Every structure is written in C-alpha cells, then in structure tokens.
Amino acid sequence: MRHLIDFGDLPRAEWDALYRRCSDIIDHPADYMDACRGKVMASLFYEPSTRTNFSFQTAMLRVGGSVFGFADPKSTSTAKGETLKDTIKMVSGYADVVVMRNPREGAAKAASLYSNVPVINAGDGGHMHPTQTMADLTTITRLHGGVDGLSVGLCGDLKNGRTVHSLIKAMAKFKDIKFYLISPRELAVPEYMRAFMRENGMWFVEVTGLETVMPQLDVLYMTRIQRERFVDPLEYERNKGIYVLTRSKLERARKDLLVMHPLPRVDEISIDVDDDPRAVYFEQARYGMFARMSLLIELANQPRMDTDAVEIGTQPVCHNPNCITQTDHYLPPLVKKNGGVDCCAFCDAQL
C-alpha cells in the first residue's frame, strides 16, 4: 500500500495487518509513542471537518509525529487560483504523508498522481471515505467479534454518503454479508455501487422503511441527509428528517445490535438513544483515532518516491459535475471497468 484512496483497493491481508496493529495500539498505547518520531503530516482540509480532522491530528501526535496544514482553503494559495497539482507537489516536498479532504470527487486520486509521499483520502465529495471505514470495521470487530456473516442496515442518504460507499466496498472482502439499503428512492445508492455489489456477488435489498427490517439487523448504520450535497434546496427539504431513530423503535431490534453513525448527526438519531448500550457511535469515533494511528505508522514511515510522468489532459471525459476532472482539465483521461462498464477512474461515475 502506497496510498489509501479507496478502501476497495486494499487487500484483505493488508487490512488484517492494520487491524492487528490497531488492536495492539488500543491495548498498549505506550508502545507506539515514538512510532512516527520526526515524521510530519500535512493536513489539507478543503471543507469543514471536526472528527476526521481532529482524529488525524491527534493520531499523529500520539505516535510522536507533528502536523501542519489548513482547514480553510481561503487562507491558502488555492484562493489565488493555485491548482491541486501544484499544491500537492509543494506540500509533499515538506511532509512525509498527506491527508486530504476535498469536496471534489476523485480529488484524492488526482493528488496521488503528483505526490512524492503517501496520500490518504479523508473524504472526496460524496464519493469515498476509507479511513471512516477503518473506524467502522474496527468498531464492529472489537464489539461484535468479527465481520463475516453480519446483516447490515445502511439508512439515510445512500446516494451522497461517501461513508456508505466505502463501507460497501470494504464489506466485499468479508463473507456472507447481507445489506439492507434503507433510503428514499431519490437518495438510493448510485448505479456504480449496485454494479459493484452485483459484480462481487453481494446480497442486498433496497427498501424505503426502517422499522420493517429492524429485527433482521446486526448493525444499523445511520447517516444524515447532507444539506451540502444537494444542488436543489427543495429536494433537501423533502428528504430531511425522513428517518429518525428513537428509543421506542429500538424495542424491535436485537439485544446485541450495534447502532453506528459516522457523525455529525442532525436529527436522525434522537438524544434518548445515546444512553442505550447498543448506541456505539461515540466509541466508533474514538476507535477511528486508533485506526488512523495504525495507518499513519504504515504510511508516514515510507520513503519519498519520484512520481511517474503523467499524461496531460485537455478536457474531461467524465460527465459527473462534481468530478475533479471538471475543474482540473490537465488531469489524464483515466478510465476503468466497473461491472463490465467504462467508468471514470477518479470518481467511479459511469461514462
């Protein structure tokens, strides 16, 4: 592993190794205090973040490294028109690892083409969020004992939910997973995710109601309806508050159910759920810090490498309006297969 852009690209054996180290960090944190001594992490957050940004910074500090970066691109040369390529080339000259969140889908993939050090995707638009998936899998494994054979309910905005997309890709590495995809029809999972699940023989069913499937679930993964992903404000107003998990709805759930959420929540989980022992979303956030410690130890200690020559593009081949290729036309016209269909290699949208 050189970069972590998409959890789907991470072999199961590498994840198992990362998890073993993560579990040991949880049990013996003092043994890792100097694991990244002298290493520097660049934290490039082009859109707001609390948990992921703080989690990465804390993780790097806990393994003995240091951090620089920004949480507001308006205070950087980006505001002057600097390209993503130039920012990454410059920053990777200072740092040992780059952590980036960007509202453009495929931005992390683009950054990895030009970086001399490992790049970690901390969220690219509504596309992927692989380190949140590390937090999710760590939580499930620690609290449920394993991942194989689970029935998982994904509820909310499954169209724009990058945490959901990453988790689905990760679950393809495990056996006998059943997915209940709970969303209004206009916020259902994108077609490229359906194609991925079919190609990998994954069991899934799409439903619009939460309460009917509640008794079948081992894990309920709630997500918020994300105002910032909607182009049409009226569409957001129609869908906000459509799913609200309350203490009374949990009466039909299994006693060992895990209620998870990538946070922040808005109104999709009532406050009265917080004291239910099945609500583990705050533990989930803490486990994410340990998972990121394990990842940083793996990547920040890798040597610098010269990048290969990259073809210079002239116009985007992708039609996704939020794809990084729509704004950064110098990017190469990369195409990959997904379910036998040509897709953009940056954002996974079908071409």
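Predicted model only: the values in this text are computed from it and were never measured.
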Just verifying a value: how many Å separate [X] [atom1] and [Y] [atom2], rounded to the nearest 0.5 Å?
| X | Y | atom1 | atom2 | result |
| --- | --- | --- | --- | --- |
| Met214 | Lys249 | CE | NZ | 7.5 Å |
| Thr223 | Asn160 | OG1 | CG | 9.5 Å |
| His261 | Arg224 | NE2 | CZ | 8.0 Å |
| Ile5 | Ser166 | CD1 | OG | 11.0 Å |
| Asp348 | Cys343 | CG | SG | 6.5 Å |

4.5 Å side-chain heavy-atom contact, [X] and [Y]:
| X | Y | result |
| --- | --- | --- |
| Thr163 | Thr133 | no |
| Ile168 | Leu154 | yes |
| Glu47 | Asn102 | no |
| Met260 | Ile140 | yes |

Considering all heavy atoms, the nearest [X]-[Y] contact:
| X | Y | result |
| --- | --- | --- |
| Lys89 | Tyr114 | CD-O, 2.8 Å |
| Ile88 | Met100 | CD1-SD, 4.2 Å |
| Asp148 | Phe174 | OD1-CB, 3.2 Å |
| Gln302 | Pro118 | OE1-CG, 4.1 Å |
| Leu220 | Leu257 | N-CD1, 3.7 Å |
| Asn320 | Ala349 | CB-CB, 4.0 Å |

From Cys344, Pro332, Pro333, residue fulfilling side chain to side chain contact (heavy atoms under 4.5 Å, CB included) relative to Val317: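 The option that passes is Pro333.
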
Residue among Ile269, Thr208, Asp267 satisfying side chain to side chain contact (heavy atoms under 4.5 Å, CB included) with Tyr243: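 Testing Tyr243 for a side chain to side chain contact (heavy atoms under 4.5 Å, CB included) against Ile269, Thr208, Asp267 leaves exactly one candidate, Thr208.
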
Cationic N near anionic O, under 4.0 Å, [X] to [Y]:
| X | Y | answer |
| --- | --- | --- |
| Arg142 | Glu283 | no |
| Asp276 | Arg247 | yes |
| Arg198 | Glu191 | yes |
| Arg194 | Glu206 | yes |
| Asp342 | Lys337 | yes |
| Lys169 | Asp6 | yes |
| Asp16 | Arg20 | no |
| Asp274 | Arg265 | yes |

is_close_aromatic(Trp203, Tyr180), centroid dist under 6.0 Å: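 Between Tyr180 and Trp203, which both carry aromatic rings, the centre distance is below 6.0 Å.
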
Non-neighbouring partners of [X] that pass side chain to side chain contact (heavy atoms under 4.5 Å, CB included), sequence neighbours left out:
| X | result |
| --- | --- |
| Leu61 | none |
| Asn200 | Ala172, Phe196, Met202 |
| Arg252 | Glu211, Pro215 |

Worked check of side-chain contact (heavy atoms from CB on, under 4.5 Å) between His165 and His127: CA-CA 7 Å; His165 305 162; His127 184 223; 5.6 Å; no

Which residues share a side-chain hydrogen bond (donor to acceptor under 3.5 Å, both in side chains) with Asp96, sequence neighbours left out: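 Partners of Asp96 by the side-chain hydrogen bond (donor to acceptor under 3.5 Å, both in side chains) criterion come out as none, since no residue qualifies.
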
Derivation of the salt bridge (charged side-chain N to carboxylate O under 4.0 Å, His left out) call for Arg162 and Glu105: CA-CA 10 Å; Arg162 58 193 174 199; Glu105 295 167 11; over 6 Å; no

Member of Lys255, Arg278, Arg254 meeting the salt bridge (Lys or Arg N to Asp or Glu O under 4.0 Å) criterion with Asp218: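 By the salt bridge (Lys or Arg N to Asp or Glu O under 4.0 Å) criterion, Asp218 pairs with just one of Lys255, Arg278, Arg254: Arg254.
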
Is the backbone of [Y] close enough, under 3.5 Å, to the side chain of [X] for a donor and an acceptor to pair up by distance?
| X | Y | result |
| --- | --- | --- |
| Asn116 | Arg304 | no |
| Thr141 | Thr138 | no |
| Ser270 | Asp272 | no |

Please determine whether the number of non-hydrogen atoms from other residues, nucleotides or ligands lying under 6.0 Å from atom [atom1] of [X] exceeds 12.
| X | atom1 | result |
| --- | --- | --- |
| Arg37 | CZ | yes |
| Met90 | CE | yes |
| Phe282 | CZ | yes |

Selection residues 65-113 - residue pairs positive for ring-ring contact (aromatic ring centres under 6.0 Å, His included), sequence neighbours left out: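 Listed by first then second residue: Tyr46-Phe70.
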
From CA spacing to verdict: side-chain contact (heavy atoms from CB on, under 4.5 Å), Val98, Val91: CA-CA 8 Å; Val98 174; Val91 168; 4.1 Å; yes

Stacked cation flag Arg101 on Phe45, 6.0 angstrom / 45 deg: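 Geometry flag: not set, cation outside 6.0 Å or 45°.
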
Within residues 61-77 or reaching into it, pairs that qualify as salt bridge (Lys or Arg N to Asp or Glu O under 4.0 Å) - sequence neighbours excluded: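 Salt bridge (Lys or Arg N to Asp or Glu O under 4.0 Å) check on residues 61-77 returns no pairs.
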
